Structure formats: structure tokens, C-alpha cells
Amino acid sequence: MGKGSKMLEKCGKVGRGRKYYRLAGASNGEGVEQPSDGSIAKLVLESEWAVEVEEALWKGRIEWKAELVNKVLKRLWNHGPKALQFFKHLDRHPTYIHSPSSFHHAIDIAARMHDYNSAWAFFSRMRSLRCGPSPKSFAILAERYASNGKPHRAVRAFLSMHLHGCPQDLHSFNTLLDILCKSHRVDMAHHLFKTLFSRFKPDAVSYNIIANGYCLLKRTPLALQVLKEMVHRGIQPTLVSYNTLLKGYFRSNQIKDAWAFYLEMQKRKCQIDVVTYTTMIHGFGVAGDVKKSRRVFHEMVKEGVVPSVATYNALIQVLCKKDTVENAVLVFEDMVTEGVCLPNLVTYNLVIRGLCHVGDMERALGFMGRMEEHGLRPSVQTYNVVIRYFCDAGEIEKGLDMFGKMGDGSCLPNLDTYNVLISAMFMRKKSEDLVVAGKLLIEMVDRGFLPRKFTFNRVLDGLVITGNQEFAKEILRMQSRCGRIVRRLKL
DNA sequence: ATAGGGTTAG
């Protein structure tokens with residue numbers, strides 16, 4: 001990390017206050033060392049002018065590789081406009097050509113910001129470079145359409161694949177069904193499933209996807225019906241089908257049914273696997289029956305099924321929520337000493353949340369520091385948890401400090417971060433806090449996030465009440481640029 | 001990135 005940032009030199013101000021940047025390559029005797037993805041991301045974030053980025057990126061003797069580009073895009077994930085700026089400039093590079101995976105990141109980022117024009121332009125660009133688009137490209141776009149509340153456009157995009165030289169097969173059909181189900185449009189998915197039945201000949205995967213969709217909606221009778229129909233059509237349910245329904249019972253709080261189903265699975269000699277056990281541990285725990293969770297955990301070990309990280313994470317979450325965080329920490333330490341599987345980012349986030357929840361911020365921060373022992377860095381979710389609990393405890397300054405630590409480098413704030421902080425700015429009833437809230441609102445829009453109407457209105461009200469009329473007007477103008485309905489406001 | 005288990009909003 002350190003090496004990379006040293007190679008990035010900011011060469012002072014030249015001319016009309018314009019900063020020039022140079023990405024220096026440090027010679028180490030064996031050749032030229034490359035700047036890190038972190039230093040490149042930082043350069044893109046700091047430069048204000050497009051030309052600066054272009055010069056630095058092209059003339060910096062950087063040996064571009066798809067892997068490096070993808071890493072940079074991931075670092076800029078929560079600053080969509082900058083990410084696309086970087087991608088588009090590099091697309092004009094004299095020799096470097098973007099890889100399909102980088103195009104996919106760019107499509108994802110553009111579509112997330114509702115910038116479908118750019119997204120589709122990337123499709124055309126891929127086509128003219130003869131490197132796509134592939135079914136995966138369509139899956140990415142369709143998922144964004146669906147999660148942005150435009151499921152019909154997702155379907156249309158997917159069904160137009162063949163016009164772009166992509167095969168339309170059962171594979172891609174299943175992907176579309178899954179996308180619709182995961183965005184809770186199970187009705188639409190099931191309808192499509194029936195309509196295009198003879199064209200695609202659904203398989204076990206298709207049925208499992210629809211069944212899972214109904215489970216997500218807590219409609220287990222319908223899920224069961226789908227699986228029965230599958231049997232009727234001569235397709236055998238798989239272990240995935242059973243695990244899906246088991247999870248569905250827990251989700252809709254049918255604990256007795258879940259238990260009965262589990263016993264039935266054992267009786268029928270299904271090869272119960274680690275997923276089944278993890279589902280049971282999580283399900284019982286969330287329902288408040290920690291004893292049963294532990295019992296299932298031991299039963300699993302007795303049966304010779306090796307717990308995965310997800311199994312440990314399920315247990316740790318359950319202990320945090322329904323038992324004590326101390327016991328959760330004991331399991332964490334067991335993991336580390338026994339080494340069957342090592343804690344991952346999720347594990348850390350669970351323990352940190354657990355500690356925050358009981359008000360032990362000190363220890364939570366301690367775990368945050370320990371993450372690098374396992375080669376991990378705090379994620380944006382880690383920061384969000386800590387910031388949220390600092391703010392909830394009234395320690396707004398500490399929350400803002402933590403936010404500041406994100407700002408100076410490795411982890412850009414996301415929509416949740418801004419929402420948490422903006423809410424916190426109303427707690428102290430201080431005029432200055434509301435100005436900060438306004439600034440955060442502007443910053444988040446700059447970075448490609450679309451605040452909810454509620455957020456706009458709250459900040460506007462706050463600014464008006466504290467007499468910041470001019471600032472309120474500025475935010476109002478920004479709101480209309482965002483396409484959010486402007487509320488009548490007397491100014 | 002064709003399906004099932006583990007962070008997230010009370």
C-alpha cells in the first residue's frame with residue numbers, strides 16, 4: 001500500500017491553479033514497478049479536471065491490465081461518476097483495450113446510477129470491439145433494471161439478447177427468472193415461466209428458482225406446490241429444493257413445519273449437507289431457540305459434516321442476537337485457534353455489530369484493528385455499523401471522525417453511510433449540524449447516489465427552520481436536477 | 001452471474 005502511494009506525486013500547482021499529477025514508476029533494478037490500484041483510484045478522485053486524469057493515466061507508463069483496471073473500478077464503486085470517468089478515459093487509450101469484465105463493471109455502475117444511455121453505449125462499444133456482449137452482460141443490466149423497479153425492461157432487455165448476437169437458452173432464461181425472483185417479482189417470473197415453458201423446457205434449476213421466490217415472499221404453500229408440479233412433470237427434486245423449502249419454513253416462522261420437514265429429510269435418507277445444517281442453526285437461533293442451534297451444531301460434527309465459515313457465522317450471529325456477545329466471541333476465538341475455517345469479513349462484521357450493540361465500542365474497534373491479522377480490511381459495512389452505533393449513543397463527533405477515516409482513502413462511503421450520518425445531524429438540534437447535513441446531501445448526489453424524497457425534505461425543513469434560506473434554495477435546485485419531485489416550500 | 005446456508009434497516 002505504502003509503496004504505491006509514494007509513487008503518486010502531486011506536482012504542486014501550475015498555471016491557473018491547476019494541479020498536475022504524475023504517476024511515477026519507481027525503478028527497483030528489475031524493471032519498473034507499477035502504481036497500485038489504490039494510488040490510481042486516489043488520483044482519479046483528487047483530480048478535478050478530466051485532462052489531468054487523462055495525462056496521468058496515459059503518460060504515466062502504466063502497464064494496464066484488466067485486473068488492475070477492475071481493482072480501480074471496485075475502489076471507485078461508490079463514486080460512480082469518477083469510476084465512469086476513469087473507465088471512459090482509459091477507453092480512449094492509444095493501445096490499451098478494455099476487457100469484457102471491465103465493461104461489465106462499467107455497465108453495472110452506469111445502470112446503478114440509472115444512466116442507461118451509458119450502459120447501452122458500453123454494449124455497442126463491446127460489440128464494435130468484438131468482445132461481447134455476452135449473456136452475462138445482459139444479466140448485469142437486467143438485474144439493475146429489476147432492482148431499480150423496472151422489471152419489464154429487464155425482461156425486454158433479456159429477450160432482445162439474440163438481436164445482439166447472444167444465444168437465448170435455458171441457462172440465460174433461468175438467470176432472468178432468478179433476477180426477477182430476487183427482486184421480489186415472483187409473479188412475473190412465474191408467469192414468464194409458464195408462458196415460455198415449451199420454448200425453454202424448464203429444468204430442476206428453473207423450478208428451484210421459482211420455489212425459492214415464493215419462499216422469499218413467505219408463501220411456502222405456493223413453493224411446495226411448485227415443487228409438487230415439478231415431480232408431476234417427472235423432474236426429481238434435488239437437495240437444493242429441500243434446503244430451499246426448509247429455509248422458507250423458517251423465514252415464514254413455521255418452526256414446527258421446519259422441524260418436521262428436517263426429520264422427513266433424514267428419514268428419506270437425503271444426504272443432508274452443510275447447507276441444511278447451517279439453515280437449521282440459523283433458523284432455530286433467530287426463532288430464539290439457541291439450545292437447539294447448538295444441538296444441531298454438535299449433531300453435525302458428530303455426523304462428520306465439516307462446518308463452513310457460513311455455519312460459524314450463523315452460530316455467531318445467533319449468539320449475538322439471542323444469547324450473549326461473550327459467547328459469540330468465544331466461538332470466534334475457537335475458530336481462530338482450531339483453524340477449521342478462518343473468520344472472514346462477515347464474521348468480523350457480525351462480532352463487531354454484536355459488541356457495538358451492547359455498547360462496547362472499545363472492543364468493537366479492537367476487532368476492527370484485528371482484521372488485518374486475517375488479511376482483511378474493514379468494509380463499508382464495517383464502517384457503517386460503527387458509525388451508526390456511535391451516532392445512536394449520541395457520540396456524533398466520533399461518528400464523524402470515523403466517516404473522516406473513510407474519506408482519506410481506502411473505503412468510500414455508500415448510500416447507507418450517508419443516510420445514517422444525515423439522520424444523526426438532526427439529533428443535537430444544532431444549526432451547524434444541519435449545514436453539515438446539507439453538505440453531505442450535496443456530496444452524495446455528486447457521487448451518484450439518489451437520496452430519497454424524505455431525506456431531501458428533512459434537510460430542507462431543517463435548513464429553513466434554522467434560517468439557512470440560501471443554502472436551502474441551493475439544495476432545492478439540486479433536487480430538481482435529480483428528478484425528485486420538488487415539494488412546495490415557502491422561501 | 002443458472003438454483004440452496006452466513007453481514008443490512010427498527
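Just so it is clear: chains get the letters A, B, ... in the order the sequence lines come, proteins before strands, and each one is counted from 1. Since the structure is predicted, the reported quantities are computational estimates derived from the model, not experimental observations.
Residue contacts shown for A:D273 include a base, since a base heavy atom lies under 4.0 Å away. A:V385 comes within 4.0 angstrom of nothing in the nucleic acid, heavy atoms only. As judged by a 4.0 angstrom heavy-atom cut-off over every strand, A:T311 is placed among the base-contacting residues. Using a 4.0 Å heavy-atom distance criterion, A:D416 is classed as a base contact. Among the protein residues, A:L246 comes within range of no part of the nucleic acid, since none of its heavy atoms lies under 4.0 Å from any strand. Within 4.0 Å (heavy atoms only), A:T347 reaches no atom of the nucleic acid at all.
Listed nucleotides: B:dA3, B:dT7, B:dT2. Nearest to the side chain of A:T175: B:dT2. The side chain of A:N208 approaches B:dA3 more closely than any other nucleotide in the set B:dA3, B:dG5, B:dT2. Closest to the side chain of A:I140, from the set B:dA3, B:dA1, B:dG6, is B:dA1. Distances from the side chain of A:Q381 to the nucleotides B:dA9, B:dT7, B:dA3 place B:dT7 closest.
In this structure, A:F261 places its CZ atom 14 Å from P of B:dG5, rounding to the nearest Å. Per the geometry, OH belonging to A:Y277 stands 18 Å off C1' belonging to B:dG6, to the nearest Å. When the P atom of B:dA3 is taken as reference, atom CG of A:D203 falls 11 Å away, rounded to whole Å. The distance between atom NE2 of A:H171 and atom P of B:dA3, rounded to the nearest whole Å, is 9 Å. For the pair A:Y389 OH and B:dA9 C1', the interatomic distance rounds to 10 Å; values are reported in whole Å. Atom-to-atom, CD1 of A:I387 to P of B:dA9 comes out at 15 Å; the value is rounded to the nearest Å. Look at OH on A:Y418: it is 19 Å from C1' on B:dT8, rounded to the nearest Å. Computed from coordinates, the A:H105 NE2 to B:dA1 P distance equals 11 Å when rounded to whole Å.
Across A:H171, A:H104, A:H164, a single residue satisfies ring-ring contact (aromatic ring centres under 6.0 Å, His included) together with A:F138, and that is A:H164.
Here A:L192 pairs with A:V155, A:F173, A:L176, A:L177, A:L180, A:L196 under the side-chain contact (heavy atoms from CB on, under 4.5 Å) rule; sequence neighbours left out. Every side-chain contact (heavy atoms from CB on, under 4.5 Å) that A:L415 has, sequence neighbours left out, goes to A:N419, A:M444, A:F449. Legend: residues meeting salt bridge (Lys or Arg N to Asp or Glu O under 4.0 Å) with A:D91, ordered by chain and number and at least two apart, are A:R125. In this view, A:K88 satisfies the salt bridge (Lys or Arg N to Asp or Glu O under 4.0 Å) rule with no residue, not counting sequence neighbours. Partners of A:R268 under the salt bridge (Lys or Arg N to Asp or Glu O under 4.0 Å) rule, at least two apart in sequence or in another chain, are A:E264. Listed by chain and residue number, A:F332, A:H374 satisfy the ring pair (Phe, Tyr, Trp, His ring centres under 6.0 Å) test with A:Y348 (two or more places apart in sequence, or in another chain). Looking at residues two or more places apart in sequence or on another chain, you find no salt bridge (Lys or Arg N to Asp or Glu O under 4.0 Å) involving A:D334.
A salt bridge (Lys or Arg N to Asp or Glu O under 4.0 Å) check over residues 341-367 of chain A, counting only residues at least two apart or in different chains, returns the pairs A:E326-A:R363, A:D360-A:R363.
If you check residues 294-308 of chain A against DNA chain B, the residues with a heavy atom closer than 4.0 Å are A:S308, listed by number. Against DNA chain B, the stretch residues 315-345 of chain A makes heavy-atom approaches under 4.0 Å through A:Q317, A:N344. Taking a 4.0 Å limit (strictly below) on heavy-atom distances, residues 278-286 of chain A reaches DNA chain B at A:T278, A:T279, A:H282.
Here A:R353 reaches the OP1 or OP2 of B:dT8: one of its side-chain N or O atoms lies under 4.0 Å away.
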Donor-acceptor pairs under 3.5 Å, side chain of residues 298-309 of chain A to any protein atom, not counting sequence neighbours: which ones?
residue : atom : partner : partner atom : Å
A:H298  : ND1  : A:R294  : O            : 3.1
A:E299  : OE2  : A:Y262  : OH           : 3.1
A:E299  : OE2  : A:Q266  : NE2          : 3.3
A:S308  : OG   : A:A310  : N            : 3.3
A:S308  : OG   : A:T311  : N            : 3.3
A:S308  : OG   : A:T311  : OG1          : 3.1

Mind running side-chain hydrogen bond (donor to acceptor under 3.5 Å, both in side chains) on A:T276 and A:D273 for me, showing each step along the way? CA-CA 5 Å; A:T276 318; A:D273 69 354; 2.9 Å; yes

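Ion pair A:K182/A:D178 flagged as a salt bridge, since at least one NZ, NE, NH1 or NH2 atom sits closer than 4.0 Å to an Asp/Glu carboxylate oxygen. Salt-bridge check for A:R370 with A:E333: passed, with a basic side-chain N closer than 4.0 Å to an acidic carboxylate O.
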